Amino acid sequence: MVDISHKRHIAKSFTWRIVGTIDTIILSWIISGDPFVGLKIGMAEVVTKMIFYYFHERAWFKINLSKDGKILESRKRHIAKTFTWRIVGTMDTMIIAWIISGNPLTGLKIGFAEVVTKMLLYYFHERIWYKINFGLSERKK
């Protein structure tokens, strides 16, 4: 079985957070009409999302979806991870956007807008990392 190190999960957390934060800032700016609200929401999420993402990665590392004891790395797994992460991420965004904007409707709008953009971005992020061997004890073929 391939040993996936904590370094890999930390690196994935950082790269995803960069992509996710840029998306959140842009969507929050568009929906609120205020670039500073977008920046505040995006920056507030940086810490919470990195922590949540790291634990999401660790949980999925421990989930074994195959019958032969090997970790299943497939498009189905990446799609399942995309949906579970989106649930966690959207809830975090909605709450932070509500607190910062002071308007629960703004939080909901930003959260729902993110569902589509973030799921697409996350899926491609997973596919790219699947092809990268950083943090693996043995190279994929």
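Remember, it's a predicted structure, so these values are computed and weren't measured experimentally. As a basis for the values below, the full set of heavy atoms in this structure was taken, side chains included, without hydrogen atoms, waters or symmetry mates.
Side chains of Met43 and Thr21 form a contact here, defined as non-hydrogen atoms less than 4.5 Å apart. Trp29 places none of its side-chain heavy atoms less than 4.5 Å from the side chain of Leu39.
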Could you walk me through whether Phe61 and His9 satisfy the ring pair (Phe, Tyr, Trp, His ring centres under 6.0 Å) test, starting with their C-alpha distance in whole Å, then the side-chain angles of each, then the deciding distance to 0.1 Å, before giving a yes or no? CA-CA 9 Å; Phe61 178 65; His9 296 145; 5.7 Å; yes

* side chain to side chain contact (heavy atoms under 4.5 Å, CB included) between Tyr123 and Ile79: does it pass, once the steps are laid out? -> CA-CA 7 Å; Tyr123 177 79; Ile79 289 169; 3.8 Å; yes

### Message
Between Trp16 and Leu121, is the side chain to side chain contact (heavy atoms under 4.5 Å, CB included) condition met? List the steps.
### Response
CA-CA 9 Å; Trp16 173 245; Leu121 291 168; 3.8 Å; yes

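At distances below 3.5 Å, at least one donor-acceptor pair connects side-chain atoms of His56 with backbone N or O atoms of Trp85. At distances below 3.5 Å, not a single donor-acceptor pair connects side-chain atoms of Thr90 with backbone N or O atoms of Ile87. The main-chain N or O of His78 is never found under 3.5 Å from a side-chain atom of Arg127 such that the two would form a donor-acceptor pair.
A distance of 6.0 Å separates CD1 of Ile110 from OG of Ser32, quoted to the nearest 0.5 Å. Interatomic distance, NZ of Lys118 versus CG of Leu27, reported as 6.0 Å (0.5 Å rounding). To the nearest 0.5 Å, atoms CD (Glu114) and CG (Asp23) are separated by 6.0 Å. For the atom pair Tyr53 OH and Ser13 OG, the distance stands at 6.0 Å (nearest 0.5 Å). Between the CZ atom of Phe52 and the CG atom of Asp92 there is a distance of 5.0 Å, given to the nearest 0.5 Å. The line from CH2 of Trp60 to OG1 of Thr84 is 5.0 Å long, rounded to the nearest 0.5 Å.
Residues Phe124 and Leu120 come closest through the heavy atom pair CD1-O, 3.0 Å. Closest heavy-atom contact between Ser28 and Gly38: CB-CA, 3.5 Å. Summarising the geometry of Ile25 relative to Gly42, their closest heavy-atom pair is CG1-CA, 3.7 Å, with the distance given to 0.1 Å.
Linking Ile, Leu, Val, Met, Phe, Trp and Tyr whenever their side-chain heavy atoms come within less than 4.5 Å leaves Ile132 and Val19 in two separate clusters. Cluster annotation: Ile41 and Ile99 are assigned to distinct hydrophobic clusters (Ile/Leu/Val/Met/Phe/Trp/Tyr, side-chain heavy-atom contacts under 4.5 Å, transitive). Hydrophobic clustering, with ILVMFWY side chains joined whenever heavy atoms are under 4.5 angstrom apart, groups Val37 together with Ile96. Hydrophobic clustering (side-chain heavy atoms under 4.5 Å, transitive across Ile, Leu, Val, Met, Phe, Trp, Tyr) groups Tyr54 together with Val46. Ile10 is connected to Ile51 through a chain of hydrophobic side-chain contacts under 4.5 Å among Ile, Leu, Val, Met, Phe, Trp and Tyr, so both are in one cluster.
The only member of Thr24, Val47, Ile22 that meets side chain to side chain contact (heavy atoms under 4.5 Å, CB included) when paired with Arg17 is Thr24.
Looking only at atom types and distance, the side chain of Lys49 has a donor-acceptor partner in the side chain of Thr93 under 3.5 Å away.
Residues Glu126 and Lys12 are paired through a salt bridge, judged by an N-O separation under 4.0 Å between the basic side chain and the carboxylate. With salt bridges taken as basic N to acidic carboxylate O contacts below 4.0 Å, one links Lys81 and Glu57.
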